[in-house]
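Inspection log for the structure reproduced underneath, given as structure tokens.
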Amino acid sequence: MTAIESFTGDARPYSGGDPYADYRTADFPFTHLADLADRRLGAGVIAANDEFFAMRENLLLPGRAEFDPEHFGHKGKIMDGWETRRRRGTSAAHPWPAEDDHDWALIRLGAPGVVRGIVVDTAHFRGNYPQAVSVEGTSVPGSPSPGEVLGDDVKWTTLVPRTPVGGHAANGFAVDVPRRFTHLRLSQHPDGGIARLRVHGEVVPDPGWLSALGTFDVVALENGGLVEDASDRFYSPATNTIQPGRSHKMDDGWETRRRRDHGHDWIRYRLAARSEIRALEIDTAYLKGNSAGWASVSVRDGEGDGADGGEWTEVIPRTRLQPDTNHRFVIPAPVTGTHARVDIFPDGGISRLRLFGSLTEDGAARLTARHRELGG
């Protein structure tokens, strides 16, 4: 496994200028995976024991945390993150927090799945970050209340053991626990502030729900679809194309840099499971002067790489796209596949790809087996 750079200790006090100039971060190997705690997927911070200085909901806000040195309220400095009050000991003789004192926040993942990596971001918390953090996970079916998730009968699995972290830094942790989780408990020891929490992993959908739906979007992130690779991620991630709902601004889609050669750009997807596809949509919402000029869509039926993965079958030939438009296509004859690929010509972007179909019998069986294997 690739070693992950870690950070400890205070950052320097803010002295003006760009607050991110001395921010400590690293390239984490898991950040290309979906954020299971993305608000767009329905994630939420459903409880916390303390949020005296800054609200727990800030943990899952999109984008990086912002810092305003002049922003104060009646409780003190207002921070763009989750911040608890300073813990104290039990008496004047022992004014320090006890070894096991900690604050916690309970997170409902937007899409249950296998967690591969976690980023606990302490941006702008330079001297008031926690000494250490830990993360646990559990799987509770349905739509449980915070009290039910925290019940004595619920078993928790450690994903990140208690580990020292640094201030004003992206603290990354690889996770190797092959189980499906629905909720996480983030603890900070003994107290302090955390700006953002990102939970990267693979969605593991409920096969019973998908089978009941019948026809659904078989490439959607929330249904277990995945971006395997893309030719270009210069302006925005390719995973945006399978996020829920329509794009609401330009950077909520996928946009490539301007090509100066005669090549083209593409994204390759893995479907939720082997499926029969009958219709599709290519949306260029909010891409007005930079949408792709043309696009084609192909499907492959096979799990291997190279020749073992089967041949690509073009289901939509190279077709002219319009800016800021949702394009709908009915496939003349249903096509069965495990993977899909969208090619855009010559460059530009699309905001969403939707592939409508249903699981094949063997696709549903494999999805059910994986769900059961991962403890779902």
Side-chain angles (χ1 to χ4, degrees), residues 32-34 36 41-42 109-116 139 141-142 178-182 201-230 238-245 266-283 296-316 328-343 352-376:
H32 67 285
L33 297 172
L36 304 181
L41 291 173
L109 297 179
V114 178
V115 178
R116 300 299 186 187
S139 184
R179 292 192 59 189
R180 178 182 185 266
F181 295 102
T182 62
E202 302 158 10
V203 176
V204 180
D206 179 353
W209 173 253
L210 296 183
S211 294
L213 291 179
T215 297
F216 60 94
D217 181 0
V218 298
V219 78
L221 182 61
E222 60 188 322
N223 294 331
L226 174 71
V227 169
E228 287 192 328
D229 201 2
T239 300
N240 281 351
T241 61
I242 54 175
Q243 287 281 5
W266 52 267
I267 307 176
R268 186 177 75 243
Y269 304 88
R270 188 183 73 202
L271 308 186
R274 191 166 186 254
S275 304
E276 184 178 81
I277 304 166
R278 294 183 287 275
L280 64 89
E281 293 179 351
I282 301 175
D283 196 352
S296 64
V297 179
S298 303
V299 172
R300 189 185 78 190
D301 189 15
E303 293 293 345
D305 296 324
D308 294 338
E311 298 293 328
W312 289 100
T313 300
E314 191 174 70
V315 295
I316 299 296
R328 290 179 170 174
F329 305 91
V330 175
I331 300 174
V335 59
T336 298
T338 57
H339 294 74
R341 174 176 167 137
V342 59
D343 292 85
R352 296 288 188 271
L353 174 71
R354 306 295 188 207
L355 302 178
F356 297 104
S358 53
L359 299 177
T360 61
E361 185 174 342
D362 60 326
R366 291 190 65 173
L367 198 63
T368 299
R370 182 166 186 256
H371 188 265
R372 186 181 300 116
E373 177 187 340
L374 295 171

Any donor-acceptor pair under 3.5 Å from S275 side chain to A273 backbone: yes
Donor-acceptor contact present, side-chain D217 to main-chain F356, <3.5 Å: no
Residues V315, L280; criterion side-chain contact (heavy atoms from CB on, under 4.5 Å); working and verdict: CA-CA 10 Å; V315 295; L280 64 89; 4.2 Å; yes
Residues S139 and R179: side-chain donor-acceptor under 3.5 angstrom: no
Can you confirm whether [X] sits close enough to [Y] that some side-chain heavy atom of one is under 4.5 Å from a side-chain heavy atom of the other?
X    : Y    : answer
E276 : V218 : no
F329 : I282 : yes
P207 : R370 : no
P112 : V203 : no
I277 : L271 : yes
Q243 : T241 : no

Heavy atoms of other groups near R341 CZ, more than 12 under 6.0 Å: yes
V227 vs R268, side-chain contact (heavy atoms from CB on, under 4.5 Å): CA-CA, chis, key distance, verdict: CA-CA 6 Å; V227 169; R268 186 177 75 243; over 6 Å; no
Worked check of side-chain contact (heavy atoms from CB on, under 4.5 Å) between R180 and V204: CA-CA 7 Å; R180 178 182 185 266; V204 180; 3.8 Å; yes
Distance, nearest 0.5 Å, that separates CG of D283 from CZ of R354: 8.0 Å
Set of residues satisfying side-chain hydrogen bond (donor to acceptor under 3.5 Å, both in side chains) with respect to R352, sequence neighbours excluded: D252
Test log, rule side-chain contact (heavy atoms from CB on, under 4.5 Å), inputs D301 and R274: CA-CA 8 Å; D301 189 15; R274 191 166 186 254; 2.7 Å; yes
